[in-house]
**Student:** 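Can you read through this structure? Questions will come right after.
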There are 2 protein chains.
Amino acid sequence: MGDDPCVEETRRGRPTMNDVAAAAGVALKTVSRVVNSEPGVNAATASRVQAAIERLGYRRNDSARILRRGRTASIGLVIEDVADAFYSSLSRAVEDAALHHGYLLFTGSSREDAARERDVVLAFCARRVDGLIIVPAGSDHGYLAPELEAGIKVVFADRPPGAGCEADTVLCDNVGGARMGTAHLIAHGHRRIAFLGDSPRIFTAAERLRGYRQALAAAGLPYDEGLVAMGPADPARMRADLTRLLTASEPPTALLTGNGRTTVETLRALASLTDAADAGSAAGLALVGFDDFELADLLGVTVVAQDPARLGRTAADLLFMRLSGDEEPTCRIELATRLVPRGSGERPPLPLRDRTAG
Amino acid sequence: MGDDPCVEETRRGRPTMNDVAAAAGVALKTVSRVVNSEPGVNAATASRVQAAIERLGYRRNDSARILRRGRTASIGLVIEDVADAFYSSLSRAVEDAALHHGYLLFTGSSREDAARERDVVLAFCARRVDGLIIVPAGSDHGYLAPELEAGIKVVFADRPPGAGCEADTVLCDNVGGARMGTAHLIAHGHRRIAFLGDSPRIFTAAERLRGYRQALAAAGLPYDEGLVAMGPADPARMRADLTRLLTASEPPTALLTGNGRTTVETLRALASLTDAADAGSAAGLALVGFDDFELADLLGVTVVAQDPARLGRTAADLLFMRLSGDEEPTCRIELATRLVPRGSGERPPLPLRDRTAG
DNA sequence: CAGAAGAGTGACAACGTTGTCTAGGGTTGT
DNA sequence: ACAACCCTAGACAACGTTGTCACTCTTCTG
């Protein structure tokens, strides 16, 4: 009475193949065969094993399986922030691809922090992912050398790896997109166009600044540093920058914003600065945003659209090609951007003396 | 010459602790101690081992570690869709909590498909996650019994588990929120209020419908099925439903929309139906949306705000309490919602004869 | 009818790590 | 000088699975 009432049931924790084997009266290996749908098991035996599996609630231990087999059928995705719409679209595309190939997906955010990027990547490597898709935050990827050496396939997305790291890369045409957006404003008569972008140490922000400058140069317009404000999309900073721009002696008549968050915060700042209900036309400024965003259509904001889902899909396709044995030299793909006119970018320059801000 | 030029370097694949031990001239176990920062290793020995680790690019194999130790220090999160803003905020909160506790996070989307939810959950269990946070798509969670039995901690978020599954649950006050939003419209003079929601087989949609009906009843207003349209947030369907509502003999003067996507698609449909640039006031309808969304402030849309980040944080806190040994009876937490007036919900009813839609 | 072929099953080692136990050698206390 | 101790280090088994090989029956072939 004081003893185990039933030894078999008292076993704590998860049942193993051994337990199933004992319950079904077969050998361990036979259970393994059933679990993995391997051929060479009598139908009657198989169903007896199956019954034992269901009765005990057995689930295969993938850690043991991975340890034994070497391949994990999982990939890792490192992005900047899951909560950002751009990256969550990208995530979803990668998740779809992983599911389609029967892979499990780890996702982690770097929060634009190189050390954290490294930690997340190495944690995934410790879990022995077969491949990685990385949106790099840092610019030194030397830490990847042993991983690449060990055969882990890596694809960089949205931004290239740091110098000295050779790997497939999928980017948007940042320079071309920014050039196109700027040229669009120039074509509508603007001569003083401000550029509001993310911190210039971020690859995409620097590239877009480059495109902006190219467009100015192509049109024979001067590059004025006073019209450029770059930094993280912090509402307070952006308000201050916009106030400075708009109260300058020669304020811009148009804005090019460097990414989705910047565009949105610019719209907010403009709305709060001008008390205009219709933010799209606030202050009479023309506006082109780099990167499309939800509701840009309703707000009438002209954008240079990237396609984050396509970016993710392309990176995943590339990764799975590598995983299935493709040994071609590494490649660098640049996806085209698309200008979507919605009104805000087609406004002509307004005489600026009429209004004051602040 | 034809042979291995250097046996040690030729070894394919990843170095193991054994390799490191050999390279450093110590025993396997000593390497293990160094890797895990266990005490009892001479500083000189430790640095020799460390050097070998770096030279070989050794990374611990977590599968083996997990197999040996039993605990995985990882949790799984199953949501409906990473690309949805509500769930991506929730994800981010969970990710933060996981990071803070030193746990790794698996994320998977169910796409509102019960079978897929089950597959994802079981895949995570096969990887031996210690805990799970689930936004359930299905209503039968019998498949979780063996997992719970095996000690996996489960917290349900946003929606409760199906009958017969006992587990901690964190919800929003859907009924109260919808009641509040509806009462707000009633307080502004509306008598015919339409409800546009997600498919009624989704828990939150059904609850919100319930809140809507309660508010009507409390105000002595009749419940008119003709004012209710529920289904997935498909643009075409929503346009058709709105057209039907607005061209009815007694059209509504206000709308309550049942979630973020529905609100956004409603705004789009209204804009396209009325050609109004200012979608917020399109058709003169008052509008309250359940669930806040990016740019609702600029569009002037009154919402009943949930806090997805708080939802995720609460669920994660609960899970980590369970993981650290908390054995209290399961609980069900309901988070309050908050009404955020921004204009669209404060418009008075308009005489409806003036306009025609379609 | 003997021998070969094949289907079904099981024994066993190995994957890379960690927990337990043991051994060597130096220091301390009496 | 001897025992008792601590510090360091290694030997070994075990975690749960899968790949390899070997064994036992049938059944088929010559």
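So that the names make sense, note that chain A is the first sequence line, chain B the second, and so on, each numbered from 1. Just so you know, these numbers come straight off a predicted model, no measurement behind them.
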**Student:** Can you list every ring-ring contact (aromatic ring centres under 6.0 Å, His included) pair that touches residues 111-138 of chain A, not counting sequence neighbours?
**Tutor:**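 Sorted pair list: Phe106(A)-Phe124(A).
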
**Student:** Take atom CG of Asp62(A) and atom C1' of dC15(C), then tell me their distance rounded to the nearest Å.
**Tutor:**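 Spelled out: CG on Asp62(A) to C1' on dC15(C) is 15 Å.
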
**Student:** What is the distance, rounded to the nearest whole Å, between atom CZ of Arg71(A) and atom P of dG16(C)?
**Tutor:**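 Distance, rounded to whole Å: 16 Å.
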
**Student:** Between Asn36(B) and dT18(C), is there a contact of a side-chain N or O with OP1 or OP2 at under 4.0 Å?
**Tutor:**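 Answer is yes, contact under 4.0 Å.
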
**Student:** For the residue pair Glu112(B) and Ile202(B), establish whether any side-chain heavy-atom pair is separated by less than 4.5 Å.
**Tutor:**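 Yes, at least one pair of side-chain atoms sits under 4.5 Å.
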
**Student:** Using whole Å, what does the distance between atom C1' of nucleotide dC12(D) and atom CG of Leu28(B) come to?
**Tutor:**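 So the CG-C1' distance, Leu28(B) to dC12(D), works out to 10 Å.
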
**Student:** Output the residues of residues 41-48 of chain B in contact with DNA chain C, where contact means a heavy atom of the residue under 4.0 Å from an atom of the strand; sort by number or write none.
**Tutor:**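 Heavy-atom contacts with DNA chain C come from no residue of residues 41-48 of chain B; none.
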
**Student:** State the CG-CG distance between Leu318(A) and Asp168(A), to the nearest 0.5 angstrom.
**Tutor:**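 Rounded to the nearest 0.5 Å, the CG-CG separation comes out at 4.0 Å.
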
**Student:** Against His141(A), only a single residue in Glu117(A), Glu166(A), Glu147(A) fulfils side-chain hydrogen bond (donor to acceptor under 3.5 Å, both in side chains); can you say which?
**Tutor:**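 So the option named by the test is Glu117(A).
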
**Student:** Enter the distance from Asp19(B):CG to Ile53(B):CD1 here, rounded to the nearest 0.5 Å.
**Tutor:**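 These two atoms lie 12.0 Å from each other.
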
**Student:** Would you give the length of the straight line joining atom CD of Glu80(B) to atom OG of Ser109(B), rounded to the nearest 0.5 angstrom?
**Tutor:**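 Going from the CD atom of Glu80(B) to the OG atom of Ser109(B) covers 8.0 Å.
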
**Student:** Rounded to the nearest Å, what distance is computed from the CZ atom of residue Arg65(A) to the C1' atom of nucleotide dT17(C)?
**Tutor:**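 The answer, rounded to whole Å, is 20 Å.
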
**Student:** Within less than 4.0 Å of OP1 or OP2 of dT9(C), is there a side-chain N or O belonging to Thr30(A)?
**Tutor:**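 It does not, given that no N or O in the side chain of Thr30(A) lies less than 4.0 Å from OP1 or OP2 of dT9(C).
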
**Student:** In whole angstroms, how far is the P atom of dG16(C) from the CG atom of Leu67(A)?
**Tutor:**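 About 7 Å, once rounded to whole Å.
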
**Student:** Measure the CG-CG distance between Leu77(A) and Leu132(A) for me, rounded to the nearest 0.5 Å.
**Tutor:**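 Going from CG on Leu77(A) over to CG on Leu132(A), the span is 9.0 Å.
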
**Student:** Could you list the residues that satisfy side-chain hydrogen bond (donor to acceptor under 3.5 Å, both in side chains) with Glu38(A), not counting sequence neighbours?
**Tutor:**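 So Glu38(A) forms no side-chain hydrogen bond (donor to acceptor under 3.5 Å, both in side chains) with any residue.
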
**Student:** Between the opening five pairs and the closing five pairs of the helix from dC1(C)-dG30(D) to dT30(C)-dA1(D), how far apart are the helix axes, to 10°?
**Tutor:**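 The angle separating the two end axes equals 40°.
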
**Student:** As a test of reading the structure: which of dG16(D), dT18(D), dG10(C) is closest to the side chain of Val26(A), going by heavy atoms?
**Tutor:**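 Of the candidates, dG10(C) comes closest.
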
**Student:** Report yes if the side chains of Arg159(A) and Val135(A) come closer than 4.5 Å at any heavy-atom pair, otherwise no.
**Tutor:**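 The answer is yes, as the side chains (C-beta and beyond) meet within the 4.5 Å cut-off.
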
**Student:** What nucleotide, of dG16(D), dT18(C), dT18(D), holds the atom closest to the side chain of Arg60(B)?
**Tutor:**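 That would be dT18(C).
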
**Student:** Mind calculating the distance between CG (Asn61(B)) and P (dT17(D)) to the nearest angstrom?
**Tutor:**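 That distance rounds to 16 Å.
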
**Student:** Ring centres under 6.0 Å, that's the criterion: do His100(B) and Phe320(B) meet it?
**Tutor:**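 When the ring centroids of His100(B) and Phe320(B) are compared, they turn out to be at least 6.0 Å apart.
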
**Student:** Closest-nucleotide mapping onto DNA chain C: is Gly40(A) or Ser63(B) further toward the 5' terminus? I mean the 5' end.
**Tutor:**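 Final value for this comparison: Gly40(A).
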
**Student:** Do nucleotides 19-28 of chain D as a string where each nucleotide becomes B, S or -: B if the base has a protein heavy atom under 4.0 Å, S if just the sugar-phosphate does, - if no protein is that close.
**Tutor:** B---------

**Student:** Who passes side-chain hydrogen bond (donor to acceptor under 3.5 Å, both in side chains) against Asp81(B), sequence neighbours left out?
**Tutor:**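 With neighbours one apart ignored, the set is Arg92(A).
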
**Student:** Could you measure the distance from the CD1 atom of Ile75(A) to the CG atom of Leu323(A)? Nearest 0.5 Å is fine.
**Tutor:**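 The CD1 atom of Ile75(A) sits 7.5 Å away from the CG atom of Leu323(A).
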
**Student:** Take Tyr58(A) and Ala27(B), find for each the nucleotide of DNA chain D with the closest heavy atom, and name the residue whose nucleotide sits nearer the 5' end.
**Tutor:**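 In this pair, the answer is Ala27(B).
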
**Student:** Just how far, in rounded Å, is C1' of dG16(C) from CZ of Arg59(B)?
**Tutor:**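 In whole Å, dG16(C) C1' lies 17 Å from Arg59(B) CZ.
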
**Student:** Rounded to the nearest Å, what distance is computed from the CZ atom of residue Arg14(A) to the C1' atom of nucleotide dT17(D)?
**Tutor:**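 Checked: the CZ to C1' distance equals 15 Å.
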
